[in-house]
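By convention in this document, chain letters (A, B, ...) are assigned in the order of the sequence lines, proteins followed by strands, and residues within each chain are numbered from 1. Just the heavy atoms: all of them, side chains too, but no hydrogens, waters or symmetry mates, feed the values below.
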Number of protein chains: 2
Amino acid sequence: MAQERPLPSVVERMWGREPVTRRGPRPRLDLATITDAAIEIADAEGLTGVSMAAVASRVGVAATALYRYVDSKEDLLTAMTDGIVPPPPEPEGTPWRDYLALWTRIQRDLLLEHAWLLSVVRLVPPLGPQRLLWFDRALTALEGTGLGPGEKVNVVTSLTGYALTDATLTYGLGVGDPQMESASISGAADYGEMLTGLIDPETYPSLSAVLHEGAMHGAEGWVEDADFVFGLDLLLDGVEALIGRRAR
Amino acid sequence: MAQERPLPSVVERMWGREPVTRRGPRPRLDLATITDAAIEIADAEGLTGVSMAAVASRVGVAATALYRYVDSKEDLLTAMTDGIVPPPPEPEGTPWRDYLALWTRIQRDLLLEHAWLLSVVRLVPPLGPQRLLWFDRALTALEGTGLGPGEKVNVVTSLTGYALTDATLTYGLGVGDPQMESASISGAADYGEMLTGLIDPETYPSLSAVLHEGAMHGAEGWVEDADFVFGLDLLLDGVEALIGRRAR
DNA sequence: ACCTGAACACCGTTCAAGT
DNA sequence: ACCTGAACACCGTTCAAGT
């Protein structure tokens, strides 16, 4: 048994453990209020709108007062990644494959609805109660498959990564970055067109071939729902094969 | 045939097309020089060290002079993602599965060696000559598998995403963010220990179980090389199954 | 045409001072 | 103990002025 180490204070607060204080004026805020305000700003204006000053003024407080609740802006961003996550669907009775497909899709959609998440979530492992609830339910869905604990964790991890990858790609080829506009690229067709104009067929033979076969400007675009399902099935087929091996 | 649209000027410059200029003093710099300087700073100090002023002073110029070569800092970051990439291995003669496994691994390692890439690469689709060369060679490796062009693109995309996912996870549980130190979390064992102290077994039954079975503090840690291979094989098994179906 | 230097409108974070 | 307000050391980017 290892010795308990003090937890980062954001983590404490994400779990609702505000420090118990007895004397002095009562706190006017708590972490959740601040986090919610920051999320609203991010949804409306993107991550660039989320300054300490903007968040503070939205909750009616001086910018520097936030540092009573958060050690740094980075901590605030961490708290936001948990605050945005809704409860996961419950897996009971659903076959593992159906559940995990749904689980992955909802995560992907959440990332697309709140594109600022893509920039933040990547760098922070799940630490808060909401994201860990998702983690838990995916593991639940894999019970009875015969996979070992490490294997389950690996499978879930791969699916989270897939949601992130797909959302990033869809977003990256889509409307473009917050304000950069990605200089007139919007959509896979534009992207393919751009590449066609840049690459020469001798140095990039296979890419040229694929572009000419129209892989990136079909009627449906490049990364659409069909592509999400395609990649997801690739992964789930792998999982299914593994489960088959373990069940033997 | 769609009409040509003007390319973003960073993209032009990434492809070596500096504007041809005839009068006035000769330019003292080019994009590659600036990009290389920025990369050296990022490698040494992380992305936080990369300010326009710092990059400019490293190439011996006033901060504002950089705007002759780059429209914005964001454009500089975009150029960095291509500048850091080495040439890909050549696939000729290698079986597709071996090649793609190597291809994915090198990308993963590159991301871990230059962790700042994780924050940038996500949001920018491949636009430069180096990253597109990688794309091309992966497509080449899939020639003769019977996959369609769209399928090939999807496979390659999934593998890129996997490299990103694995690197992010390894990094996120590792040393921690640039300077944030992630407050004393370093390594999967610490992470597992932290979770054990936070979650209660009734709300998080499967996660508790997995933690007690030691899935996250084995001798090898959580996300190590074995885990990289595990997830990769999951994907490649899926690809192999698909190829089998197409070949029939 | 290229580069400089001053200037602008911001940042995140500290710290002493009020209550 | 909580919050404010001034202050600090930065940012990215603009623009007129030099050559």
- Task: Please assess A/F228 against A/Y162 for the test ring pair (Phe, Tyr, Trp, His ring centres under 6.0 Å), listing each intermediate value before the final yes or no.
- Result: CA-CA 9 Å; A/F228 172 74; A/Y162 182 70; 5.7 Å; yes

- Once you round to the nearest 0.5 Å, how far does CG of B/L211 lie from CG of A/L139? 9.0 Å

- Under a 4.0 Å heavy-atom criterion, DNA chain C is touched by chain A from C/dC11 to C/dT14

- Note on the structure: Within residues 62-72 of chain B, the residues having a heavy atom closer than 4.0 Å to DNA chain D are B/T64, B/Y67, B/S72

- Would you name the heavy atoms of A/R131 and A/D82 that are closest together and state the gap between them? N-OD1, 2.9 Å

- Query: If every non-hydrogen atom of A/E18 is compared with every non-hydrogen atom of A/L31, which pair is closest and at what distance?
  - Reply: OE2-N, 3.4 Å

- Task: Give each stem of DNA chain C as a range with a range, requiring at least 3 consecutive Watson-Crick or G-U wobble pairs whose two distances are under 3.5 Å.
- Result: C:4-8 with D:12-16, C:12-16 with D:4-8

- Could you tell me whether B/D225 and B/R105 have a side-chain N and a carboxylate O separated by less than 4.0 Å? yes

- For A/L127, does its backbone N or O pair with a side-chain atom of A/W15 as donor and acceptor, under 3.5 Å? yes

- Counterpart residues, side-chain contact (heavy atoms from CB on, under 4.5 Å), relative to A/S119 (two or more places apart): A/L47, B/L123

- Would you say the side chain of B/V210 lies within less than 4.5 Å of the side chain of A/F135, judging by non-hydrogen atoms? no

- Message: Quick check on DNA chain D: between B/P25 and B/A53, whose nearest nucleotide comes earlier from the 5' end?
- Response: B/A53

- Task: Using the test side-chain contact (heavy atoms from CB on, under 4.5 Å), find all partners of A/P201 that sit at least two apart in sequence or belong to another chain.
- Result: A/S208

- Query: By side-chain contact (heavy atoms from CB on, under 4.5 Å), which residues pair with A/A32, not counting sequence neighbours?
  - Reply: A/D30

